[in-house]
Amino acid sequence: MGVFTDRNKLVTMEKAASMINDGDIVAVGGGLCMREPIALLRELMRQGRRDLHLVGTAHGFDVDFACGGGIVGAVQETHVSFEQDFGLAPNYRRACETGQVKIRENCCNTIIMQLRASEFGIPFVPVRSIKGSDEIKLHPEFKPMIDPFTGKKIVLVPALVPDVAIIHAQKADIHGNLKIMPPYVADVLFIRASKKVIVTAEEIIPEKEMIEEGPTIPYYETTAVVEAPFGAHPTSCYPYYAYDREHISEYIKSAGESAEAFKERYLNKYVYGVKSPEEYLEKIGGKAKRDRLASWKESQERWMELFSYE
Amino acid sequence: MGVFTDRNKLVTMEKAASMINDGDIVAVGGGLCMREPIALLRELMRQGRRDLHLVGTAHGFDVDFACGGGIVGAVQETHVSFEQDFGLAPNYRRACETGQVKIRENCCNTIIMQLRASEFGIPFVPVRSIKGSDEIKLHPEFKPMIDPFTGKKIVLVPALVPDVAIIHAQKADIHGNLKIMPPYVADVLFIRASKKVIVTAEEIIPEKEMIEEGPTIPYYETTAVVEAPFGAHPTSCYPYYAYDREHISEYIKSAGESAEAFKERYLNKYVYGVKSPEEYLEKIGGKAKRDRLASWKESQERWMELFSYE
Amino acid sequence: MSERFEIGIDELFVVNVARTIKDKTTVFHGVSSPIPMVAMYFAKLTHAKDMVYFGGVSSAVDPNPPFLPPTTNDWVMIQGRTAMVTVDKIFDLAQRGELDRSFFSGAQIDKYGNQNVSMIGTPEKCKIKFPGGAGGCNLSGDCVNYTIWTTRHRAQRKGDRKFFTFVNKCDFVTNVGHVTPYGRREELDLVGNGPDWVVTELGVFDFDEKTRSMRLRYLYPDTTVSDVIDNTEFELIVHPDVRVMEMPSRAEVEVIRRIDPLGVRKLEYPERELSRRFTI
Amino acid sequence: MSERFEIGIDELFVVNVARTIKDKTTVFHGVSSPIPMVAMYFAKLTHAKDMVYFGGVSSAVDPNPPFLPPTTNDWVMIQGRTAMVTVDKIFDLAQRGELDRSFFSGAQIDKYGNQNVSMIGTPEKCKIKFPGGAGGCNLSGDCVNYTIWTTRHRAQRKGDRKFFTFVNKCDFVTNVGHVTPYGRREELDLVGNGPDWVVTELGVFDFDEKTRSMRLRYLYPDTTVSDVIDNTEFELIVHPDVRVMEMPSRAEVEVIRRIDPLGVRKLEYPERELSRRFTI
């Protein structure tokens with residue numbers, strides 16, 4: 001939602017992060033370990049943002065990292081983990097168990113329907129299936145009712161309107177047209193349901209080229225655009241790079257140990273101490289790392305290797 | 001809705017038409033004078049189908065033709081005309097004014113929301129804007145209520161579930177994957193909201209080729225597929241052909257005169273007396289007509305000529 | 001450029017409609033709308049370059065068609081576009097209160113701007129069936145504002161009876177104005193603010209804030225206040241400062257002729273109106 | 001082929017899960033589901049060739065990935081697909097009652113098949129936070145049927161206490177079984193019919209029609225009825241005709257090894273379980 005007609009929406013990462021306020025409801029794009037706007041999360045940490053209320057479906061690195069970086073006040077995702085790849089999300093767990101983060105766990109279809117209500121400009125939608133689950137306890141805002149058409153039990157769930165969606169796209173132009181490659185997960189829905197849409201993009205391409213490709217999202221739906229190559233690292237942003245299993249493994253080691261270890265060994269190294277994207281790239285392994293993560297397309301064997309690497 | 005896993009869904013036009021029953025709620029694809037499944041409507045007339053309940057948004061040739069051909073019992077479209085191109089829809093008007101057809105006029109967003117409810121598997125959705133309009137009189141099934149979240153007035157509209165969607169696509173494969181080129185109008189929604197989906201296609205292409213192009217609609221959403229070149233004529237099916245203004249002009253002349261004139265001069269000539277697609281093509285002007293309607297792509301001038309021709 | 005230059009009512013009318021469009025707004029025209037179609041494209045190329053231009057049911061964003069066709073749902077209308085959306089997304093935008101303007105008309109229009117595009121008579125016993133409102137019923141409730149246009153303001157005499165387009169009461173309200181048969185907009189919790197401009201072949205109108213009734217603001221060079229009053233069944237409010245509308249520039253008119261070589265802007269008029277010419 | 005051939009618990013388990021999938025049905029696996037992921041791909045290539053195969057959150061239709069990755073949302077999982085949909089369309093299918101099967105698990109599972117994937121403790125004072133149910137809360141209500149799987153049936157001893165996965169009562173019900181804390185499925189007007197199969201490393205279970213409780217049906221060659229009972233906190237129903245499950249063919253096991261060269265099917269087990277081997 002929201003309509004943005006500026007011809008030039010290109011801003012710096014600092015400026016983009018400054019458009020997100022303490023306490024905002026934030027829909028974080030991508031999912032699990034794919035195409036998450038991690039560079040923007042790092043900048044939010046450097047700016048000391050606080051108390052963000054994250055919403056979304058099944059996520060992993062982004063939410064765990066944001067919890068570990070201290071910028072989160074509530075989590076309304078449906079699942080947060082590194083799957084059986086690396087297991088439970090250590091920072092998220094700790095934040096929930098210490099009470100640092102409020103647990104507002106939700107379920108995928110419920111949250112999709114709530115975002116659709118926002119996209120459609122309607123106050124609520126009925127959902128058939130929440131009934132029977134204790135998840136309803138986490139959402140006193142839901143209203144059970146008898147469907148006046150069928151006489152059956154149904155639950156009304158209100159529109160969920162994120163203050164901002166933060167999305168990492170493959171391509172953008174300065175007018176704000178976006179090319180996102182599937183799987184979209186919930187990105188398109190986030191964009192249409194949120195009041196503001198801040199996009200980091202692997203590449204900024206000329207508008208003419210974008211129009212020839214056919215934008216996934218038209219310009220008027222986006223608020224600001226940041227050029228951010230490697231902006232999803234260590235999650236994947238195909239076709240540019242696969243996820244960085246080596247880096248995530250290092251992440252998990254410190255995060256799994258303690259909040260202090262995570263701050264000292266991870267945040268200080270990769271977030272607070274880092275002045276530029278170039279410096280970040282250097283720290284994570286420079287050109288060799290970049291080449292290795294792009295090697296997935298060379299052969300099935302090279303691609304498989306990226307999933308074995310620790 | 002509905003899941004269809006048959007590997008070979010290719011059927012004859014006769015068989016496809018026989019899958020539609022008297023009294024069915026039918027969503028007719030395309031819109032106004034574009035990509036409407038006219039060949040299938042002709043076959044339904046030959047088979048003497050009766051009392052169809054048509055639903056959709058802004059339509060023209062299809063609905064008027066179906067009313068003139070006597071197969072319609074109710075019309076729940078939002079608009080039926082030939083726009084300022086040829087003006088009012090003579091057969092539709094006559095059918096409404098004689099009481100042959102029940103007027104169930106609806107509004108675009110309302111019907112879209114009702115179809116979405118069907119697609120989403122929910123019994124109803126709230127709509128903000130019907131209030132104040134007499135259209136609500138045509139729909140005693142709508143239920144005004146106070147939104148329990150905001151305290152504001154809202155109208156609940158029930159899911160609208162067509163028995164069948166009939167769609168003319170550019171391309172299909174025998175498994176039922178479809179390639180539809182934009183504008184889709186409401187076709188994708190019709191397909192997902194209807195119990196059965198019957199598709200006529202300009203071309204049947206190999207499944208491999210379809211998969212390379214990327215289907216607009218995956219196979220399991222379609223029930224049956226008919227090969228029907230020129231199947232949308234006299235409406236357009238770009239890039240194959242523009243609409244046939246000359247033919248529509250002839251149509252309007254007889255339809256505008258009287259039901260009898262329409263039967264004698266149009267239906268007998270183009271519907272009842274026609275044994276095959278080849279014969280139909282011959283009657284409408286053969287290869288010369290086909291070439292002319294395809295000439296839009298040669299130049300702007302040729303394209304403009306097709307809109308001047310009467 | 002200082003030479004005298006002749007323009008038609010069709011061109012002046014298009015400009016009047018286009019003037020209701022502001023830059024940096026979202027605008028949509030529906031079906032059976034050749035004049036709004038030309039007016040929107042004209043506005044996008046002149047004073048509203050950053051307008052978000054939804055080219056009708058075809059639902060291309062910012063199309064750049066080589067010419068304008070007589071039907072709104074043709075491939076012509078998706079040429080040169082920036083992006084495609086599906087038409088339901090435009091209705092979503094409206095329902096969220098983010099569609100700034102659309103354009104509606106009616107066979108009957110009352111002083112509050114309610115319009116009948118549906119029928120004379122009742123659904124059970126329909127005397128005349130009009131095409132139907134398409135998206136108008138919802139959008140007239142949802143759009144931030146909308147423009148009413150008609151080229152048939154002039155009442156028609158049939159025998160000794162006079163038939164008005166601008167009537168005391170619509171037989172059926174399809175699209176909603178400021179005060180509906182069911183109450184005022186704010187009583188109905190509608191999202192939009194209703195019609196703010198009415199353009200006809202006799203004049204340009206807005207709505208009086210207090211009474212919410214149509215009010216004459218501008219005349220054509222060849223129409224008078226009494227022309228307008230005589231052709232309006234309801235009691236029309238006349239603004240104390242009624243003026244003759246400003247003429248477009250020659251350059252503006254040339255844009256219209258260039259984008260509309262087929263003259264679809266002329267399709268809506270009774271034959272005799274098209275002989276009205278103005279010199280600028 | 002008459003030679004003896006050794007298979008692992010991981011392969012036999014995958015086949016057990018795959019056997020719950022019927023041909024010509026719609027099937028979806030969620031996140032954190034390596035075993036269902038392998039089982040679905042295996043089924044699609046063997047006995048369920050006309051299954052509509054939704055490859056997880058990536059939401060490709062009938063993907064044909066070159067190998068299976070340890071994360072469900074990777075480009076690997078959209079390779080060789082027939083079509084792309086967005087994941088919300090799969091939830092729509094489920095809410096319409098047209099998703100035939102999905103797969104869920106839990107840190108706690110009760111006799112009715114309710115599962116806890118959320119937490120031990122309360123939202124305000126959470127002792128252990130699990131990842132959350134993802135789509136499970138909705139899909140367990142909506143799917144026509146679903147399969148429960150866990151590789152952690154064996155109770156764990158900590159000191160003198162025994163911790164069960166199959167518990168008398170879940171601390172929190174995320175995904176719904178046959179009788180929920182809020183009533184039976186039909187009292188709640190749920191669309192789906194609930195879990196029909198449970199696959200664990202100790203056996204395969206269905207549900208007794210009358211009591212709607214879990215019932216032991218099949219054992220592994222190396223497990224016994226009392227193994228299963230000892231590791232289940234609630235009172236387990238044992239089918240009068242409990243058998244040892246049928247072994248897969250060598251060809252079937254070779255399919256599993258081919259589609260899963262990274263061995264993601266082994267990721268879910270405590271180390272010691274993987275030493276269980278069977279000869280066919």
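Below, each value reflects all heavy atoms present in this structure, side chains not excepted, and no hydrogens, waters or symmetry copies. Every chain is numbered from 1, with letters handed out A, B, ... down the list of sequences.
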Note to self: Given 3.5 Å as the limit, does a donor-acceptor pair link the side chain of B/Lys152 with the main chain of C/Asp189, or not?
What the structure shows: no

Notebook entry, point to check: Given that the side chain runs from C-beta out, which part of B/Arg35 has a heavy atom under 4.5 Å from chain C: side chain, backbone, both or neither?
Noted result: neither

Next item on the list: Go through the atoms of B/Tyr238 and report whether side chain, backbone, both or neither lie under 4.5 Å from a heavy atom of chain C.
Entry: both

Check: Where does B/Tyr92 contact chain C at under 4.5 Å (heavy atoms): side chain, backbone, both or neither?
Finding: side chain

Notebook entry, point to check: Side chain, backbone, both or neither: which part of B/Val188 has a heavy atom under 4.5 Å from chain C?
Noted result: neither

Note to self: Please find the pair of heavy atoms, one from B/Leu138 and one from C/Pro123, that lie closest to each other, and give the distance.
What the structure shows: CD2-CG, 3.1 Å

Checklist line | Parallel, tilted or perpendicular: ring planes of B/Trp303 versus C/Phe67, cut at 30 and 60 degrees | finding: perpendicular

Note to self: Please classify the contact between B/Lys137 and chain C as side chain, backbone, both or neither, with a heavy-atom cut-off of under 4.5 Å.
What the structure shows: side chain

Notebook entry, point to check: How close do C/Ser118 and B/Glu105 get, heavy atom to heavy atom, and via which atoms?
Noted result: OG-OE2, 2.6 Å

Next item on the list: Could you pull out the closest heavy-atom pair between C/Gln95 and B/Arg128, with the gap in Å?
Entry: OE1-N, 3.2 Å

Checklist line | Considering all heavy atoms, the nearest C/Cys137-B/Ile130 contact | finding: SG-CA, 4.1 Å

Notebook entry, point to check: Can you name the closest pair of heavy atoms from B/Ala58 and C/Val31 and give their distance?
Noted result: CB-CG1, 3.7 Å

Check: Looking only at heavy atoms, which two atoms of C/Thr71 and B/Glu83 are closest? And how far apart?
Finding: OG1-OE1, 2.6 Å

Item checked: Residue part contacting chain C, namely of B/Ile136, when any heavy atom lies under 4.5 Å -> side chain

